[in-house]
Amino acid sequence: MSDLRDLAGRPVIIGGGVAGLMTALELAPEPVVLLSAAPLGSGASSALAQGGLAASVGLDDSPARHVADTLAAGDGLCDEAVVKRIVEAAPEAIEKLERLGVVFDRTPGGRLHLGLEAAHGRRRIVHAAGAATGSELMRALMAAVRVTPSITIVEGFEARRLVVEDGAIAGVLAEGRTEHVTLATASVVLATGGVGELFQDTTNPLGCFGQGLALAARAGAELADLEFVQFHPTALDGAQRPMPLISEAVRGEGAVLIDEAGRRFLADLPGAELATRDAVARGVFRHLARGHRVFIDARQCIGQAFASRFPAIEAFCREAGIDPEIQPIPVRPAAHYHMGGVAVDAEGRSSVFGLWACGEVASTGLHGANRLASNSLTEAVVTASWAAKSVGGATAGSRKIPAETTMPARSDPTLARNIVSHAMGILRDGDGLRNAAAAFRPLAAGSSAAADPAVVGLMMVVSALHRKESRGAHCRTDFPLRDVVARRSKVTLGSILETAAELDATPLARSA
Ligand code: SIN
């Protein structure tokens, strides 16, 4: 791989979704390497994003309202300063995307068409092609990246280890289909997405098992709030993986949730079908657990306009044999977004020198315990520019090729998926989490194909075990109340392994 080794010294951006593409574009004309495990455009959750970007650009809206809604959804765990900074930067991010060629939906009068999603007090979701915002963003950003000469795209290589020397990033060990390479670099930006593949039911694409979290954790980075996984209440109930999403925007246009008897079973929930996502997901989950079926009914409120308002959703419903104009759509919750991630500061820097993170893999403090819908694409675009500025300002340095690191076995998340799905679902309890930690510990300490997914799973279940309260998306049946004082969870792989060893040594300590 002599051609790849010639790229030594350039910042390496790992991940080809919106966060990775934006970071690369923001760094131009500085030469960078964009490393993507899958061909660019496939394998990224961004491409599947339906809702859009939340931005307070409506005439009846303000950043203060957007901040207030974000804090309320985050259930006491958001970092208010970060929320303000991202929300205030959102309108400019929309303009930047338009300059890069993204075409957003507009009203006949030419204003941005704004959708409504759960827990937003105003219409503020900027979207494209109805509910195909992610694929439109990816189309435009990939086109921009491909004509930017400073960006070298390396597709088909998966980052498997970060090389750390003297406490600083020194390289990336990447694995291709038939070969591997160690890229020498002093600057790495993780933009690897979420953890949906650790769940049986997920809207995330294959490959999203938290590889970025494993990379960062093994490099010694601090991680935050790993127990907070958002379940989307309305994925299309069927065998397809990833599960197609019936966007919250459909409920924003008035669609309701009904059961097989046609009963609106969430009508009494404050906010009803547009309550915060965690509350709606729990309501749907509990109704299903009682033996009911759950459907989105858009017949009255959208009816004949469904195909023109939501063409992509209409298309996959039809593929599944459902006509949303005249039939209710069967749904159930699915793992959708990870609020936790690599702990980063206001410039996207992790605790490891030379390592940044942005997008879903990062934990900035924006989302708290429950992400407000459509805040994440906004966050990815805004924080990519912060990270790029910080990477660009860091001392470059052509690094010598670091010592060869052993290539780990190719990851297989199957074992971890079974354990995480069981223990880390919408409702959790101490026994389930302790059993999961015990199952993960030997896998995480080993070197099999299950090791990296097990490292991620172990960090998540131990974080969930330590949070002895119910808050936002983290619902413990054995600790149903919310603590008076909110605290973020900060862990390292070292601290997690120590705790897991203590748990193993005290199997009867049921209060842990
Ligand atoms: C949706 O369209 O319902 C999803 C939007 C999001 O997850 O932010």
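Position 1 is the first residue of the sequence; numbering continues from there. Every number for a ligand or one of its atoms is a count from 1 in the order of the listing.
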**R277 and Q230 side chains, donor-acceptor separation under 3.5 Å** =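 R277 and Q230 do have a side-chain donor-acceptor pair below 3.5 Å.
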**Message:** Looking only at side-chain N and O atoms, does E222 offer a donor or acceptor that is under 3.5 Å from a partner on S351?
**Reply:**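 Distance-only check fails for S351 and E222.
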**Message:** Angle between ring planes, H292 versus H287, binned at 30° and 60°: parallel, tilted or perpendicular?
**Reply:**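 Judged by the thresholds at 30° and 60°, the geometry between H292 and H287 is parallel.
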**Request:** Over 60° means perpendicular and under 30° means parallel, so classify the ring planes of H120 and H66, tilted if in between.
**Result:**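 Geometry flag for H120 against H66: tilted rings.
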**Request:** Let me know which of E469, R428, E227 forms a side-chain hydrogen bond (donor to acceptor under 3.5 Å, both in side chains) with H474.
**Result:**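 Exactly one option meets the side-chain hydrogen bond (donor to acceptor under 3.5 Å, both in side chains) with H474, and it is R428.
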**Prompt:** What distance do D237 atom CG and D201 atom CG have between them, rounded to the nearest 0.5 Å?
**Reply:**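 D237 atom CG to D201 atom CG measures 8.0 Å (nearest 0.5 Å).
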Could you pull out every N or O of ligand 1 that sits under 3.5 Å from a protein N or O, with the distance for each pair?
{"from": "ligand 1", "atom 1": "2 (O)", "to": "G51", "atom 2": "N", "distance (Å)": "3.1"}
{"from": "ligand 1", "atom 1": "2 (O)", "to": "S247", "atom 2": "OG", "distance (Å)": "2.5"}
{"from": "ligand 1", "atom 1": "3 (O)", "to": "H232", "atom 2": "NE2", "distance (Å)": "2.7"}
{"from": "ligand 1", "atom 1": "3 (O)", "to": "E248", "atom 2": "N", "distance (Å)": "2.6"}
{"from": "ligand 1", "atom 1": "7 (O)", "to": "R277", "atom 2": "NH1", "distance (Å)": "2.9"}
{"from": "ligand 1", "atom 1": "7 (O)", "to": "R277", "atom 2": "NH2", "distance (Å)": "3.4"}
{"from": "ligand 1", "atom 1": "7 (O)", "to": "H336", "atom 2": "NE2", "distance (Å)": "2.7"}
{"from": "ligand 1", "atom 1": "7 (O)", "to": "R371", "atom 2": "NH2", "distance (Å)": "2.6"}
{"from": "ligand 1", "atom 1": "8 (O)", "to": "R371", "atom 2": "NH1", "distance (Å)": "2.8"}
{"from": "ligand 1", "atom 1": "8 (O)", "to": "R371", "atom 2": "NH2", "distance (Å)": "3.3"}
{"from": "ligand 1", "atom 1": "8 (O)", "to": "S374", "atom 2": "N", "distance (Å)": "2.7"}

